[in-house]
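Order of listing sets the numbers, starting from 1, for every ligand and every atom in it.
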Amino acid sequence: MTLSSAPGKVYLFGEHAVVYGEPAVPCAIERRARVGVQRRDDGKLRVRADDLSLDGFTVEYDGTTEDGPDIDVSKSLVSAAMGYVDGAIEQVREVTGEDDAGFDVTIESDIPLGAGLGSSAAVVVAAIDAATRELGVTLETAELAERAYQTESRVQDGQASRADTFCSATGGAVRVEGEDCRTLEAPDLPIVIGFDGGAGDTGQLVAGVRELRAEYDFAADTVEAIGDVVRNGEDALADGDIEEIGRLMDFNHGLLSALGVSSRSLDTMVWAARDAGAYGAKLTGAGGGGCIVALDPTPETETALSFTPGCEEAFRAELADEGVARLE
Ligand code: PMV
């Protein structure tokens, strides 16, 4: 068996605007998806997923998700998760030239699904890495990131930026602007995450912003303003100025909220963090529900969030310096 892991991420700045060519700065965190892969002789794909916030399921099939695994969890979540694994394996067959390769795939993840922490990107990065290595091919990080992006892009009907997949493959804080992806120097950030237990529909939220942007010039200006916040955020990161990074995160949340992608629970958690003295707080990822990210070196924000109605889980997250990790 070959085993790889890859980290999830938070967006310090720039989600949604990155879809329209503005820069974004995601940052990898020490919450990982681990994917184990074993080659099969019969060309079939068998996937077992535990802890995917999905109750655990096992599926055996040789086609695509349309065959419909018959299991007792939300169909859309399962087909989403299966779609990503399918897409990853398709990339593996393409890059290795082994069109008929079959696999047993085991997924374990401590990244909540669809909550803005990059769970799908982490699964795709780890799956491609483990399955290619299982066939004797080790991809360079840049190619791994690109293949993972192609997978996400196909599963999400072309509505994906390179941010999640590049960040998960390389680790650390990164800057993504269109096809230009690079690693950034970042200070040690005191990251606290609040999770409302829910998930937003990325496709729908991205479509909502697209419509607003087409209808109102001021919405298009808001997207551009997010780009300006990101550029200021890069300077603050380079200076190691955590106070300024926090202030800009607050601003970024306000602009995302104006674009309609926040929610009551996300706003409540953001305000709980601010009231607790965090340097700043914002939603992370597509929004609609899921997670917020705050900066606070003291225990106050984590404690405040854990007592906030609507916050299901609050935890501190270390920055993950390592992206994909080759475990076995
Ligand atoms: O919620 P997530 O982690 O899938 O993040 C989505 C981020 C968007 O900018 C809204 C879309 C994208 O692909 O960049």
Notebook entry, point to check: Is any side-chain heavy atom of Leu117 less than 4.5 Å from a side-chain heavy atom of Val10?
Noted result: yes

Notebook entry, point to check: Heavy-atom distance under 4.5 Å between the side chains of Glu134 and Val92, does that happen here?
Noted result: no

Check: Between Thr284, Asn252, Asp164, which is the residue that forms a side-chain hydrogen bond (donor to acceptor under 3.5 Å, both in side chains) with Tyr11?
Finding: Asp164

Listing, residues 196-206 side-chain donor-acceptor contacts under 3.5 Å, not counting sequence neighbours, or none:
residue: Asp196; atom: OD1; partner: Gly198; partner atom: N; Å: 2.7
residue: Asp196; atom: OD1; partner: Gly290; partner atom: N; Å: 2.9
residue: Asp196; atom: OD2; partner: Ser265; partner atom: OG; Å: 2.6
residue: Asp196; atom: OD2; partner: Gly290; partner atom: N; Å: 3.2
residue: Asp201; atom: OD1; partner: Gly203; partner atom: N; Å: 3.1
residue: Asp201; atom: OD1; partner: Gln204; partner atom: N; Å: 3.1

Exercise answer, ligand 1 polar atom pairs (N/O) under 3.5 angstrom:
residue: ligand 1; atom: 1 (O); partner: Ala286; partner atom: N; Å: 2.8
residue: ligand 1; atom: 3 (O); partner: Lys9; partner atom: NZ; Å: 2.9
residue: ligand 1; atom: 3 (O); partner: Asp164; partner atom: OD2; Å: 3.3
residue: ligand 1; atom: 9 (O); partner: His16; partner atom: N; Å: 2.9
residue: ligand 1; atom: 13 (O); partner: Ser161; partner atom: N; Å: 2.9
residue: ligand 1; atom: 14 (O); partner: Tyr11; partner atom: OH; Å: 3.4
residue: ligand 1; atom: 14 (O); partner: Ser161; partner atom: OG; Å: 2.6

Notebook entry, point to check: Which pairs count as ring pair (Phe, Tyr, Trp, His ring centres under 6.0 Å) when at least one residue sits in residues 187-237, sequence neighbours excluded?
Noted result: Tyr216-Phe218

Checklist line | Qualifying ring pair (Phe, Tyr, Trp, His ring centres under 6.0 Å) pairs, either residue in residues 288-321, two or more places apart | finding: none

